[in-house]
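Here the structure is laid out as structure tokens; the discussion comes afterwards.
All values derive from a computational prediction rather than experimental measurement.
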Amino acid sequence: MASHQFLNAHTSAVTELLEGFVQSHPGVQLLDGMPDVKVVVRTQLDKSKVAVISGGGSGHEPAHAWYVGAGMLDAAVCGDVFA
């Protein structure tokens, strides 16, 4: 029986998820340094305010990245799967 997998490779899972996320959400972008630096940031920041940043490992997915946007997080730092 053939084996089917949802991921291309476990080592690139977070990177691929983040790349797809920023392609489908025009208000966010990836910080330079991918794939070693996995940071999602808002494209328009108000520099007169303190930035709100969250981060952590990417247990099943980089969950913090989904909260980056206007009125929410300014950036999310995403670790590896089960870091």
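- Although no hydrogens or angles enter the test, the distance criterion places a donor-acceptor pair under 3.5 Å between the side chain of Thr43 and the main chain of Gly27.
- Here the side chain of Asp74 pairs no donor or acceptor atom with the backbone of Ile53 at under 3.5 angstrom.
- Both Tyr67 and Val14 are part of a single hydrophobic cluster, where members link through side-chain heavy atoms under 4.5 Å apart.
- The two atoms that bring Leu18 and Ala65 nearest to each other are CD2-CB, 3.8 Å, heavy atoms only.
- Remark: Val28 engages Phe21, Val22, His25, Val40, Val68 in a side chain to side chain contact (heavy atoms under 4.5 Å, CB included) (not counting sequence neighbours).
- By the 6.0 Å contact criterion, CG on Asp46 is enclosed, its count of non-hydrogen atoms from other residues, nucleotides or ligands being greater than 12.
- Residues Met72 and Val77 do not share a hydrophobic cluster, defined by chaining ILVMFWY side chains whose heavy atoms lie under 4.5 Å apart.
- In terms of heavy-atom proximity, Ser54 sits nearest to Leu73 at CB-CD1, 3.6 Å.
- Atom CG of Leu30 sits about 9.0 Å away from atom OG1 of Thr15, to the nearest 0.5 Å.
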